[in-house]
Amino acid sequence: MDSGNQLMLIGSLVHQLFQEVVKKKTQTPNELDRLVQELMSQPKILQELYGIGISEAHIYEEMKNFIPYIHAWSQVYLESSCSVKIQEKEKRKNQWNGKIVEIQDIEENIWSPKFGVKGKIDLTVKTNEHGVSKVMPLELKTGRPSFSAEHRGQVTLYSMMSSDRRQDPKAGLLLYLKDGSMVEVPAGDSEKRGLIQLRNEIIHYLTAKPVLEEGLMPSALPPLPEPIDFERACMKCAHLLTCSVYQKSNEEPIPEAPHAMATLVPKVTDHLQKAHLDYFRHWCLLLHLEVADGRRDSAVRALWCQDPIKRESSGDCLSWLVLESAVTVSEVEAGQFVHSFARSPTHPSSTKLPTVGLQIGDNVVVSSETEIALSLGVIFAFEEASVKVVLDRDLKLYSNWRKKQFHVDRCEYQNTMCINFTNLAKLLMDTPQAAHLRALLIDRNLPSFKQGLSKEVVFKGKHIIKALNKTQQRAVLKTLMAESYSLLKGYPGTGKTSIIVALVRLMVTQGLSVLLTSYTHSAVDNILLKLRMYDVDFLRLGRLSRIHPDLRSHADEIVTQKFKSVSSFSEFYESKLVVATTCLGINHVIFSKRKFDFCIIDEASQVLQVAALGPLFHASRFVLVGDPQQLPPVVQSNQAKNLGMSESLFKRLDSQGATSNLTQQYRMNGPIMKITNLLMYDNQLQCANSHLETATLNLPNYDSLVESGKLSIWLQKIVEPSLRCSVMFLDTCGAAAENHNGSNSVVNSKEAAIVVAIIQALIEAGLTADGVGVITPYRAQVKQIHDLVVKEVTMGQRVEVNTVDQYQGRDKDVILYSCVRSGALKFNASEILEDDRRLNVAVTRAKYKLIMVGDTASLHIYTPFRKLATILEPHQIYQLKNGQEGFVWQDTVSL
DNA sequence: TCTCTGCCAAGAGGA
């Protein structure tokens with residue numbers, strides 16, 4: 001298919017082969033041949049071959065060409081006594097004439113703070129030439145021996161980076177395996193100067209921020225360097241379209257003829273209308289703003305600039321560790337090594353590892369005192385006094401590893417934004433699929449629907465459809481009749497998951513293929529866990545550690561690990577009707593081969609618009625499921641938010657013609673539903689049945705507890721399980737002021753204490769701990785309440801405390817909502833309490849009882865709370881007064 | 001002065 005991909009795959013295979021040869025010392029051509037076959041049988045490689053569309057035999061023939069050269073190279077440079085061959089090689093002009101006496105490292109990873117570059121060096125070798133010994137980088141190339149400036153420059157860069165770790169070699173080796181030629185590339189001051197200047201110029205453009213206009217509203221995209229004038233190169237460039245569109249979108253004028261761009265730009269953007277360019281420009285700007293915002297406090301920056309102890313205290317690092325000598329590094333699979341680190345006795349204050357901060361599954365970078373980023377990896381497990389990390393290299397290969405002190409730092413990649421930018425660029429391509437999506441998403445062509453479904457379809461799916469309620473049935477049929485797309489708006493508790501499961505089953509019975517996605521892993525798995533009860537087969541893509549344990553038998557990584565041929569991959573991948581992954585997980589090889597009949601995006605109102613684009617490129621029709629009146633996508637930059645970045649694709653496409661509303665809910669009782677109906681849904685939400693309407697909390701010990709007199713009057717009133725008391729607002733009347741707890745988050749200790757007192761009362765009245773959930777907008781308050789609950793509410797039960805954002809999609813019998821803010825507040829439009837969707841999510845999590853705690857007077861500055869105040873009836877508000885009805889304010893948080 | 005989830009990496013060649 002793509003010849004570039006094939007060459008690149010051969011390139012990396014040859015690299016692997018070469019590195020194996022070097023590791024295992026010299027090998028005979030026969031052994032090399034066996035090694036090639038071994039490398040090619042790796043599932044990862046077979047999978048890639050499937051993606052490119054070429055056979056094992058073909059790649060094997062290509063690989064065989066390299067064997068004689070690798071063999072000869074190792075004979076000449078690694079063997080100590082090979083006089084005959086040295087003469088032969090001296091025939092070649094410029095051929096390097098030294099000897100490699102030791103391989104010091106393979107794939108050495110360097111992040112150089114000095115030069116601001118990073119990279120992986122193929123081989124770090126100790127050489128001897130005319131009695132002079134050096135340690136220098138060796139760069140391997142498998143393509144045409146061009147000795148080009150790019151190749152030589154790469155060697156020079158590696159040589160510079162090496163000087164961060166050891167004495168500056170001022171040179172490096174460049175080896176072409178196509179003909180075995182190897183030269184020494186000088187890396188003196190003059191070579192370095194040009195590269196550093198180039199590096200700085202690139203960084204200048206990469207970090208440029210959007211230009212701000214008056215009123216601090218960003219208007220223009222950051223500039224790019226002037227386009228080169230080289231038609232032949234540009235014609236073949238993979239970035240020509242993006243480059244041209246960017247030039248058109250940028251404020252700078254397009255070069256005039258005879259500059260190559262003068263004809264190229266109009267030519268390659270001919271298929272695009274102004275609205276398309278505007279959309280690109282707008283989202284490009286938003287993404288840039290968000291990137292700039294994220295750069296402010298990146299963990300990588302701290303890695304350069306901050307002391308490890310400081311990094312540890314902010315929760316991003318485990319500092320001063322030793323590689324445990326007792327535990328050997330074990331290889332998990334090719335290129336993966338489990339390391340066990342324990343706290344070094346040299347740590348100034350603590351002999352224990354911190355208990356908060358890094359978590360299993362976090363991506364990390366391991367450094368020593370003097371070497372930044374020796375290796376990248378993932379946290380694998382925590383043990384009593386140690387942490388296990390899977391790394392991409394074996395640190396015990398360093399002879400002095402026992403003496404080294406290590407730091408393990410959190411390392412976030414910026415890949416998300418790459419995917420978002422790529423999606424945006426893909427949308428502008430001159431392909432039928434991109435044109436189709438542009439018409440729907442940018443031009444907003446309304447979706448059309450078939451007049452009906454065939455009898456056969458209805459008959460086959462009858463038993464599935466019958467199990468749904470009337471509105472659900474209508475929505476499902478409409479989705480199936482959609483010719484391009486449709487939307488499913490599911491208000492809280494309306495059974496979105498059930499309906500998606502029904503949809504997938506119906507599609508499968510019709511033989512339609514489905515790409516099932518959502519933004520988070522847990523949302524994807526949520527559906528799959530239900531789906532698997534109906535005997536529907538599916539494939540789950542994504543990183544194994546992120547996939548629900550019960551679903552791992554369906555995980556790509558598990559199922560395909562035993563595959564031995566390209567054909568087993570293609571048979572397997574082509575046979576799966578249902579494939580599930582996250583919106584950002586669309587870089588799997590399967591998507592280079594397959595197009596699905598349907599794409600379903602769940603929680604679509606929480607997905608960033610350009611992220612939702614990703615899966616849509618791979619399906620003929622799509623359906624978005626969500627509720628724009630619940631939380632929008634997370635956007636950090638306030639500027640980007642103000643310019644509309646949190647508008648999800650769902651919200652953009654939501655229209656009467658396209659959207660089916662699910663309005664019958666199965667969660668909340670009447671009084672709780674009434675709150676959200678008046679707050680958000682204009683009374684459209686209904687209880688699915690009359691039983692639900694009047695359902696109340698079961699508190700078996702409540703009456704006897706009241707009779708015994710153990711419960712103070714105020715708690716009796718708050719906890720009372722009657723329908724009338726299903727919704728209660730505890731007004732702290734200004735007596736519970738917020739405090740700031742040192743961090744930049746907000747807490748309210750007195751509110752926390754009240755919440756805990758109520759939980760205690762509920763549990764004494766007979767509620768189980770998993771029946772109650774505590775919600776609050778602020779992280780710090782979550783922690784405060786969580787710690788108190790652990791301390792005060794014993795019996796080993798766990799009450800779940802979390803942020804509003806984390807509770808979306810979930811429910812509990814009783815919900816306690818701690819509003820936190822109280823005091824002389826200044827109104828701020830971007831504050832999280834000002835978002836009515838957040839309040840809506842908070843009040844719609846409870847089935848039978850909703851207890852809110854807050855200071856009504858202070859909260860009055862926020863629009864959603866003002867509205868809430870008009871909704872609540874007098875009996876639903878309880879004013880806490882000191883000394884009244886057995887209530888006494890506590891000075892401290894401990895009751 | 002707030003909410004926070006995704007993405008495996010840097011390089012595999014070609015002009």
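Every chain is numbered from 1, with letters handed out A, B, ... down the list of sequences.
Residue A:K178 places its side chain closer to B:dG14 than to any other of B:dG14, B:dA12, B:dC4. Among the nucleotides B:dT5, B:dC7, B:dA15, the one closest to the side chain of A:N363 is B:dC7. With B:dG6, B:dG11, B:dA15 as the choices, the nucleotide that has an atom nearest any side-chain atom of A:T582 turns out to be B:dG6. Picking from B:dC7, B:dG6, B:dA15 the nucleotide with the shortest atom distance to the side chain of A:Y519 gives B:dG6. The side chain of A:S12 lies closest to B:dA12 when the candidates are B:dA12, B:dT5, B:dC7.
A:E139 comes within 4.0 angstrom of sugar-phosphate atoms only, judged by non-hydrogen atoms across all strands, and of no base. Residue A:K236 is classed as having no contact, given no heavy-atom separation below 4.0 Å to the nucleic acid. Nucleic acid contact for A:R546: none, since no nucleic acid atom lies under 4.0 Å from a heavy atom of the residue. Counting any heavy atom pair closer than 4.0 Å across all strands shown, A:N638 reaches a base atom. Nucleic acid contact class of A:T142 (heavy atoms, under 4.0 Å, all strands): sugar-phosphate only. Here A:T416 lies in heavy-atom contact (under 4.0 Å) with a base. When heavy atoms are screened at a 4.0 angstrom cut-off, A:Y158 is found touching the sugar-phosphate backbone but no base atom. A:N109 comes within 4.0 angstrom of nothing in the nucleic acid, heavy atoms only.
We find that OH of A:Y862 is positioned 13 Å from P of B:dT3, with the value rounded to whole Å. Atoms CD1 (A:I106) and P (B:dA10) sit 19 Å apart, rounded to a whole Å. Straight-line distance from the CD atom of A:E48 to the P atom of B:dG13: 13 Å, rounded to whole Å. Here B:dG13 presents its C1' atom at 7 Å from NE2 of A:H151, a figure rounded to the nearest Å.
By the side-chain contact (heavy atoms from CB on, under 4.5 Å) test, A:A425 pairs with A:T242, sequence neighbours left out. The side-chain contact (heavy atoms from CB on, under 4.5 Å) check on A:T803 picks up A:R779, A:V782, A:D805, A:Q806, with sequence neighbours excluded.
Taking atom C1' on both B:dA12 and B:dC8, the two are 16 Å apart, rounded to the nearest angstrom. Look at the P atom in both B:dC7 and B:dT3: the space between them is 23 Å, to the nearest Å.
For A:R779 against B:dT3, a side-chain-to-base donor-acceptor contact under 3.5 Å is absent. If you check distances only, the side chain of A:Q806 never reaches the base of B:dC4 with a donor-acceptor pair under 3.5 Å.
The phosphate of B:dC7 (OP1 or OP2) has a side-chain N or O of A:H521 nearer than 4.0 angstrom. For A:T803, a side-chain nitrogen or oxygen approaches OP1 or OP2 of B:dC4 to under 4.0 Å.
Nearer to the 5' terminus of DNA chain B, by closest-nucleotide assignment, is the contact made by A:T520 (compared with the other of A:H15 and A:T520).
Secondary-structure stems of DNA chain B, taken as three or more successive Watson-Crick or G-U wobble pairs (i with j, i+1 with j-1) under a 3.5 Å distance threshold, are lacking entirely.
A:Q561 contributes no side-chain N or O that, together with a main-chain N or O of A:P43, makes up a donor-acceptor pair within less than 3.5 Å. A donor-acceptor contact shorter than 3.5 Å is absent between the side chain of A:D602 and the backbone of A:I527. Under the 3.5 Å distance criterion, the side-chain polar atoms of A:H339 are matched with a main-chain donor or acceptor of A:L395.
Aromatic rings of A:F66 and A:H15 (six-membered ring for Trp) have centroids beyond the 6.0 Å cut-off, not under it.
Contact record, A:G143 with A:Y176: O-CD2, 4.1 Å, taken as the closest heavy-atom pair.
With A:E108 as the fixed residue, the salt bridge (Lys or Arg N to Asp or Glu O under 4.0 Å) test singles out one of A:R165, A:R393, A:K120: A:R165.
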